[in-house]
Every structure is written in C-alpha cells, then in structure tokens.
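Remember, it's a predicted structure, so these values are computed and weren't measured experimentally. What's counted below: heavy atoms across the whole structure, side chains too, no hydrogens, waters or symmetry copies. So that the names make sense, note that chain A is the first sequence line, chain B the second, and so on, each numbered from 1.
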Amino acid sequence: MNNGKDKTVVMNPSRRRFFRQSLAVGGAATLGLGFHSLAAGQAIGGRRKTLVYVFLRGGNDGLSLVVPRQTGAFQAAYNDNRDYTRVDTTLPIGSANFGLHPACQGFQDLVTDGNLAIIHGCGHFDPDTYTRSHFDAQEQVDLGTPGSQVSNTGWLTRYLETAIDAPPQPLFSALVSGGNPPQSVNGWPDVATVDSANGFSPNPNGTFQDAHLQLLAEMYDGTGTLDDAVSTAMLAIEEINDLDLDNYTPAAGVSYRDSNNRTLSGVHADLELAASVIRSNLGVGVVTIDVGGWDTHNNQGSAETFGGYYNNIEDLSDALAVFYKDMVGAGYEDDVAVIVQTEFGRQVRENANRGTDHGLANPMLVLGSSNRMNAGLRGVFPGFEDTIGNAFRPTRDFRDVMIATAHGILGNPGIGGGQSDIFPGYTYKNIPGLLK
Amino acid sequence: MDRSNTRRRFLAGSAAAAVAAPAIFSTPAVLAGSDTGTKAARKRPATNAAANAGKTLGASNAMVPPLEVRVFHKMGFGHARRKVVQAPSADPGTIIKSSFEVGTPSFSGQDDASYFLSLGANDNERLTNYVDQQLNPDSIDDSDFEARMAPFAGEFASLNEPRIDSYENRECNGDQNIYLRPLRDVRNMAFNRAIYSKKQLLELIVDFWHNHFNVFVRNNRDVEVGWGSWDRDIMRAHAFGNFADMLVASGKHPVMLRYLDNYVNSAGGINENYARELFELHTMGAINYGGVNRPFTGFELLSQNPYMSIQSFNMGRFADNGVQIAAHYFDTDVYQAAAALTGWRYGQNGSNSPGSCDSGEFFIDLGEHDETGKSILSPQSNVIEDNLDPEYEGELVMRVAAYHPGTAQHIALKLCQRLISDNPPQSVVDAAAAEFFTHRESPDQIKRTLRVVLLSDAFKNTWGEKIKRPFEYVCAAMRAAGGQHVFRENNENTQRFHWEFDDTKQELFHWRTPDGYPDNRQFWQGSTSLVQTWQNIDWLFDRDSGDAGRRMMRTVDITQENLPENPTPRQIAEFWCNWVMGYSPSGGWVGGFGTPYQSSPTQIGGMCLQFLTLQSLPRPNDQSLWPADEQIAQDITRDDWPYYWRRRINGMIDLILWSPTFIQR
C-alpha cells in the first residue's frame, strides 16, 4: 500500500528539539501518552486509504439533482408535482429516464471519467425507522444506526477501528474540514478539526509562539479525552503550518480557485485542504466535510439559472470534480473514495412557497476508482406511485452504500458473510452493478 | 525510552473495547412514568461516554477548585476578581498562598469567591443563599455593571425601542447600520453582561433559551430588525418565568414566524417547518418522537390526562374526562399541528421602500386558516374542534405540547446538561422534570426548576464534566484576567473582536439550524474551536496593550497595583495563578524562594515560572533569560528587546487561561 511513494513528514527540526528537551526535564511529572510519544527523528504518518464523507446538512432535494428527463418515463408525474422547482433541461448520464441538474457539469464529467456512481432511493429502509426530523435523521446516519441514537461511536469511528492500513504513527487519523466534529466520528480520539488553515495557532507568529506550543503540549500530556483532543490539535498546528496551503499545487488541469485565480471558500476550500492533507501522506484515514444550505422550504431556487439551490449544487459538483480529478492526476485514484449523503430527501410535490418539505428517500453519490466500481446510475428509483406521505419510499438502506464503499472500493477488511464490523447486526444487500 | 507505539496501542485497545462493549447498543429508558418507552427509548441522545471507556473525561492535569470557585464557572461565566484582597509581601521568600487567601468579608462584592464565602457558615448554606439571590436578579446590586455602562447609555438605545418602531423605522432602510443595529447591540450587550454583570445565572440562562429557541439572526431582514425585541421580550422577559407563556410568545413573534416559515403556512399550502420544531426542539423533544407512522392501536398512552387540571387556559376537549393522551408524538401530530397553526401572520413590508414599512405586528389571515377539526397527541378524533378561533387554536396546540410530561423531561434534561453534565444523573433530571411539570402553570416555573437542579448534590459535587464553550470561555478569561473593554457600536476594538471571535465557531445567534449550538464537550473539543478560542484570548491581551486607556485587559496594571516593588518572576507567577484561578491549593502554586520550576507544587505554577524565566524554552534571544528570584528592576509595561516583559506576562497569563483546570466547568 505504500508503493514506495511515501513523502515522509518530519517535524520542523527546531520544534523537535523542544519536545526532546521537555521529555528530559518533564521526568516524573509528565509521563503520558500524548504529544510526547512523537519521539525525535521518527517518521510521522504514511500513505493510506482515505474515505471522504461529505454530508449535505438539511435534506437535499434529490429530485432536483437526479432529474427525470422530459423525454423519459417519469416526465408526466414529475411535471405534475413540480412547477417552480421543475428543471426542464438536464445533463445526460447514460440513462433514458434521468439526467443531472444543469449546474452539475462537474458531476457529469466524473460519470464520463468512470469515477461517479449514483445510487437511487437511499434512506432509512425499514419503515419503523422512517423519520423526517433533521436531527434524528442526521444523528442516525452519522452513527450508522437507523432507528437508534444510542450508539456511542459514529460509523466512521468504526470504519477507522476496522481499517488495517494505519501507519504506525499517523499524525492524526481523522480530519474534519470545517468547524466542529460531526457525530460520525464520535468517540474517535485523534480527530483534527481545521476550519481555516491561516494562522492556525494559539499565538500565531508571536514572540513566544514556540514556548506556548511546547508548554501546551506538556499541559495536556495525560490520558483524558481532552488530552487526546489537545494533542491532536497541537499536531494539526504543526502540520497545517508546514502544509503551506497558499502554495498547494493540484494535479495538472484542475484548480480549486475561481477564474481569476482567487481562493474560493466553502466546499472548495474544504476539499483543497483535504487534498493537501491526503497528498502529504500523514496517515489520515477519514475526512469529513459538512455542507449546509439544503433545507429549502421556501424559494428553493433550483429551476432558475441562478438561485439558492442552483448555486449550492453547482459549487458542490464543481468542487468534487476538481478534487477527484486532483486525486486521479496525483496517482491517488485507488486510495481515495468519497460518499455524498444527506439525511433525507424532500417531498415529491413542491409546497406552496416554491420550496419543498421534508421527505424520505434520496440518491447517494459515490466517487471512487474506476478500477473498483462502475460509474453511472444504480439502484431502484422509488417511483411516483408508491409514496409515503408524499415522500419517495426508500428502496435501499443507506448502509449498503457505506459498506460497498468502505469494504468494496477501499478494501476495509472488516466484512465476512455480508456482515460488516462497521454495522454490527446488519446484513449487507448487494447493489447490483456497482462494484467491479 | 521507546514510546513510539504506546499511544497507538492504547487507542486501538480502547477502540476495540468500545466496539465490544455491550453498553453501546443498550437502550436506557427515558420517559420516566411511562411503560417500556419502546419508541422513545431509542432517542436518548448519544454521548461519548462508553466510546471512551477506560479514558477519563477531561485532562489528567486538571485540578478541582473549591466550591466557591466552581460555582461561578458552572452557574455563570466564571470567577471574577476585581480588587486585590490583601497586598502580598515584598519578601520573595514568603510568597505563599496565605498572601492571596480569599475570604475577607470586607471585600464582599469585589471578589466573587470571597463574596460567596460570606454568605453562610458552610457550603450548603452558602450555595442555597447564592442560588436564591441569583434566581431573583432584580434584587441583585449590579451597580458596578451599571457604572461601566453609564458612559455608553446612548449607544444601546435600540435595546429599549418598542418593537413596532424597530419594524417601521429600520425594516425598509437599506443602511445596514440601521437594520443591523439591534443585532449588534444585543450581541455587544450579551458580552458586556456576561463579563461585568453580577446577574450571572440570568445571563447563562438567557443564552440557554436563545439556543433552545434558536433563530439564525441573518435569516432575513425581518429577523434582524426584530432582534432587540426577541432578546428582550421573549428571552429575558421569560427566562425564569413560565415555559408555556414563553413558548406562546415566541411563536407569535415575527422573528420566529419568519425563521420557521409559519408566516406562509396556509390551509391551501401547509408548511410544517414550525410545527415540526415546536414538537421536536421546543417542547417534547426528539426523545419523545414516535416516528413517521402512528399505529392506530397499541401506541403508548399517558396514565393520566395532564390537561384536566389546567386552570389558567381553556384546554377545550383536551380537558374532557376520558380523553386519552399519547406518550409520544408522531408525524401525524406534526401535520395536524401545522394545520392548526395556519393563517398566523405578521405585518410585512410590501415594497421594501421607505415609508411603506409595516409594523411586524401579529395578525390572523382568516382566509388562510384551516377551520376543520383536528387531533393531536390523542387517539380520539377532533379533539381540536371545528371552527375554533385561529389564534386560540394555535395557542391551544402550543399549550398542549408545553404541558405534556414529555416536555418536562426534555427541558429538565437540557437544563441539567447545561448546568451539570452531558450525562446528568437521571435522578436529578426526574426531580427537575417533576418540579417543572407540577408547576406548569406557575409564573415562576422555570425558576423553581432551576432551583432543584442547582441545589442538587450532582450540581454541587461535579466538576469538569463539561468544557466551556467559546462564549463562556472568552468571557471567563476576561472576568478572570482584568478585562475592561465595553463592547459597543462604532468601536474598532469591538468590531475586530467579533471578527476574531467568529473563528471560534460560536458567533452569537449565528447557528443556522433551529437546534442551537450543541451543548456537549465532544463538539467543542474539536481543534478549530480550541485553538481559535485560545487565539482569541491571546488577541485580547495583545490588542492595544501599550495603551493604558484602550487596552482590553488590565493585566500589567493589575500586576503593578498588586506587586508594586519590583517583583520577581516567582512573585508574579504565584500572584497570577491565584488571581486567575480564584484560589490557591495547599502549598501554593509555584513554591517558595529557590524552588526550581520542575519542583513546583503544581504543574501550572511551574510552567508559569518557567515561562517567565524562559528556562529550557525557545526564547527570542539569549539575553532574555531572567532568574526566578531576581527582582525585575525594570518597567514591566515595556515590551521591547531583550525581555519583552509586557507580552511575557500576558503570555504567562495565556497559559493559565489555556490550562485544563480553567477550560473546564
């Protein structure tokens, strides 16, 4: 799995000296498992597979992303239910009945390249677990336990526990590109959350910055959960300062910036940080990115050439296309997969406010290596006939997509007989045609 | 020593244990008083306790302060010391804890811990007295706060502005200095009150309710201009009052009508957004959500109808003898409640041009109201009769939800999570819920409930179950280390502060979704919030630190006032540990004359001494070393080569504020 391509990350030598000193003088007073375990001169990190988990918070209107074509079988039913949110012109993706929202040129490119699969009808499959509460649904998805919110570990936590390709000393094994950790990584100790890489230090460029970092590391060198959190933060500071994001060079032909070469915020910036960290081979196994703005009860703005939904889905599609092309171009295609998920879809019929209320089933997106999966549309579209309270009936448990990605595409070994260690008690149901 | 794999092994071990632990998928019962709680049981909020099985919460190096300090961190925004209690000895050999011991009654009101200690003969008596004072904020002498604010009284006029004036005069004005002013004033005053007011519990609970009824303030102009009224008329007016009254007032307020879309909810086009959050977030909570489909038979019922005894409001058929009430709510209840709430409107401006602004006042659009009978929380049909008055009907729905015992459990749980622990003992939650439910019509229902929580053993005896969120953390830092800045409009430091504070991810009133900022330690332990909050505190020290009139923290002033005669690094370290922490452990923080920093009685004391002397630390130059017990015969307000004393002292105070003892609550 190393392929001899590792870029070994060695910490800034002057800082390494501080740690050695503090070890010597700390003596009996500080004997912990935190920061100090990074002994001087030791290589940190290493190449490993990375699962990027993009969560569209608020409930994406899947019917505006994967849209019935006006020449297809669902045209009449679609037009009957959608007026102000109707999308008439779609981008083809090899399906007679469905195309992509016109703002999703990036997604269309990824399908063409063989790197994007779309799975219809995902959601809480068991009718006893249907929920239209954002917070229930999100929590249950993050924990990977539909119908239950009592797990103390997130599904990505269990993914990390069962992945065997962690290098001996990852710098940190999970990166949250954003403000705060989602529940999908609940209970995992070394989660670095990095929102803005700029000046990411308690005392950036201050006269006593290095003294501060050394003493902070000693203060939190114990065995508590806060000790873990702080030592991870300290390591993230080291690494982020070394990354030099301003000068990050993506693979040829792609850019995370706008047409004037200006830095973009939001999901572009989050994915650029992810790409930079992944390509630095630090041992990060999971990256999470939250994208908000999908709870479109009012003036959804999907059908226009501009609008809230239009802009959101365009940003997402463009940024993910740049990211995955960057990964492919840099030789990481087989090592990186992305899942794009939301807590539920929206109602079939738009409401009186040109928006859509909470629904159930929704397509999920998987970006992965063309060596391991087939691109294009998969799964069973729920249809307009058999709805549940004006919502699409889920035809696929969302855990199937997580399992197919984790074990099938990224090769996490924790599976046997259809039972995944990531989802105890759940039996995987194959997604026909997805995996190679 | 080879420690290379120790940490990984440990983590892998604990992770494996967590997976195997049967507790992970156990289902604790939630709804006390109901049967098995099959539906509700799966809703107990997930926490990280078992995932970290074998790990202690918090940090190994954290210390436990005495109750007179703990109480200020748990019931408010931290311990504040405004005046030195006793001048320390100038003899470096006698710097011990007694020099700074608190408890002198003559300084009551100046020093939080000594004030608390003056309130009784023992901890229980003092706690009871302090809690009862805090629960009656009108009786608290807040003259210090008022004096600080007096020079800026005119700056906060929007806080007292009648709501109708805000809408009529600000709504259609395109100048953001006009329409954003209420938000800015509320936000600035929230910091001022949290840092300088003695009504600490009130401020903490106002913040609690803002998050409970969370509204993203930048949602819409109608929300922004109404923010002064929202804060004053809803959050502050009802903070210690009656929950049902607060709920009804919030639901009729233009800010809520707008944010959760009830203002467009109509018979011909139901918008369920508000009705859903009414149940899920505001009242019964997700812990009492039954699911999408209500089975027609066999769902759980309350053993008693909770509405029959209601006197202060006409509960209609809900109060009829024999009407059965469900223990949980389902989607059908949400839809029916949404229909009951149709036609609720507020006066909106039509054309967005000056002069056409409307009032923001609540009204009913009869043509948009669904007049048919409905039923919520009951197997009986039409418990809500046909053709009810639309305003009455909506209020009835709110009160049915507010008086339900599930709401008592939900609010009690959240209050205990705010004040005690992410996983509070069920016994305290039950006791608080019982008080909340029993007094559901009382004008002081919330006050009574808080009293039960605050006088519980769990409140008194726990420490470090939570960490301070950025708002609490930054305010506590300013309270502890001589903050003197008054946050206000048209002030550059205030403006810059908010830019910085935004990076901590807790910009006030800017959480977008209606659930409010999370209240659990895992969320706020993320590196972004930790590092950016530390940075924000460091920024406060730096800002205008060379200008005695404008500096935001009076740290060098306090040092000079209390250590007037060329103090040594040891004296400064001992003094500031005591000042910030609010107490001294037995044996002091740093150790007496000649004690090496490695042998200090406390880790943080030793680090402060090490930092001031720069022994074995990266330093700006080789001339900057200074012996621990040598008097600093220099102006410590100077900030230049080779010693940088001002930033050095501030940097040492940073360390105390960043320490695991201070971060927790």
Peer 1: Which region of B:Glu272, side chain (C-beta onward) or backbone (N, CA, C, O), has a non-hydrogen atom less than 4.5 Å from a non-hydrogen atom of chain A, or is it both or neither?
Peer 2: both
Peer 1: Is a side-chain donor-acceptor pair under 3.5 Å present for A:Asp227 with B:Asn61?
Peer 2: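 Absent: no donor and acceptor within the cut-off.
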Peer 1: Report yes or no: do B:Tyr263 and A:Asn353 form a side-chain donor-acceptor pair below 3.5 Å?
Peer 2: no
Peer 1: Atom CG in A:Asp210, atom CG in B:Leu617: separation rounded to 0.5 Å?
Peer 2: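 Atom-to-atom, A:Asp210:CG and B:Leu617:CG are 10.0 Å apart.
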Peer 1: B:Ile537 versus chain A, heavy atoms under 4.5 Å apart: side chain, backbone, both or neither?
Peer 2: neither
Peer 1: Might you point out which heavy atoms bring A:Val185 and B:Gln522 nearest each other, and give the distance in Å?
Peer 2: O-NE2, 3.8 Å
Peer 1: B:Tyr335 versus chain A, heavy atoms under 4.5 Å apart: side chain, backbone, both or neither?
Peer 2: side chain
Peer 1: Which region of B:Arg647, side chain (C-beta onward) or backbone (N, CA, C, O), has a non-hydrogen atom less than 4.5 Å from a non-hydrogen atom of chain A, or is it both or neither?
Peer 2: both
Peer 1: Side chain, backbone, both or neither: which part of B:Arg648 has a non-hydrogen atom closer than 4.5 Å to chain A?
Peer 2: both
Peer 1: Picking from A:Val191, A:Asn180, A:Leu226, what satisfies side chain to side chain contact (heavy atoms under 4.5 Å, CB included) with B:Gln525?
Peer 2: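 The residue from A:Val191, A:Asn180, A:Leu226 that satisfies side chain to side chain contact (heavy atoms under 4.5 Å, CB included) with B:Gln525 turns out to be A:Leu226.
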Peer 1: Please identify, among B:Ile663, B:Leu655, B:Leu530, the residue contributing the most non-hydrogen atom pairs under 4.5 Å to chain A.
Peer 2: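 It is B:Leu655.
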Peer 1: Which pair of heavy atoms, one from B:Tyr289 and one from A:Asp136, lies closest together, and at what distance?
Peer 2: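 That would be CD2-OD2, 3.1 Å.
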Peer 1: If every non-hydrogen atom of A:Tyr220 is compared with every non-hydrogen atom of B:Pro660, which pair is closest and at what distance?
Peer 2: OH-N, 3.1 Å
Peer 1: Give me each pair satisfying salt bridge (Lys or Arg N to Asp or Glu O under 4.0 Å) with a member in residues 350-359 of chain A, each pair once, sequence neighbours excluded.
Peer 2: none
Peer 1: Work out which heavy atom in A:Asn298 is nearest to a heavy atom in B:Asp261; give both atom names and the distance.
Peer 2: ND2-OD1, 3.3 Å
Peer 1: Under a 4.5 Å heavy-atom cut-off, does chain B meet the side chain of A:Val176, its backbone, both or neither?
Peer 2: neither
Peer 1: Please report the shortest heavy-atom distance between B:Phe523 and A:Pro181, naming the atom on each side.
Peer 2: O-CD, 3.3 Å
Peer 1: Counting distance only, does the side-chain N/O of A:Asn351 pair as donor-acceptor with the main-chain N or O of B:Asn271 below 3.5 Å?
Peer 2: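 No, A:Asn351 side chain to B:Asn271 backbone: no donor-acceptor pair under 3.5 Å.
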Peer 1: For A:Phe344, which residues count as a ring-ring contact (aromatic ring centres under 6.0 Å, His included) partner, sequence neighbours excluded?
Peer 2: A:His134, A:His358
Peer 1: Quick one: does B:Glu277's side chain get under 4.5 Å of A:Phe135's, heavy atoms only?
Peer 2: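 The answer is yes, as the side chains (C-beta and beyond) meet within the 4.5 Å cut-off.
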Peer 1: Provide the closest heavy-atom pair for B:Ser527 versus A:Ala192 in the form atom of the first, atom of the second, distance.
Peer 2: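 Closest heavy-atom pair between B:Ser527 and A:Ala192: OG-CA, 3.2 Å.
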Peer 1: Give, as side chain, backbone, both or neither, the part of B:Phe541 having an atom under 4.5 angstrom from any heavy atom of chain A.
Peer 2: neither
Peer 1: Is it true that, when you exclude A:Arg57 itself, more than 12 heavy atoms of the residues, nucleotides or ligands shown sit nearer than 6.0 Å to its CZ?
Peer 2: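 Yes, the 6.0 Å shell around CZ holds more than 12 heavy atoms from other groups.
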Peer 1: When the aromatic ring centroids of A:His212 and B:Trp534 are compared, is their separation below 6.0 Å?
Peer 2: no
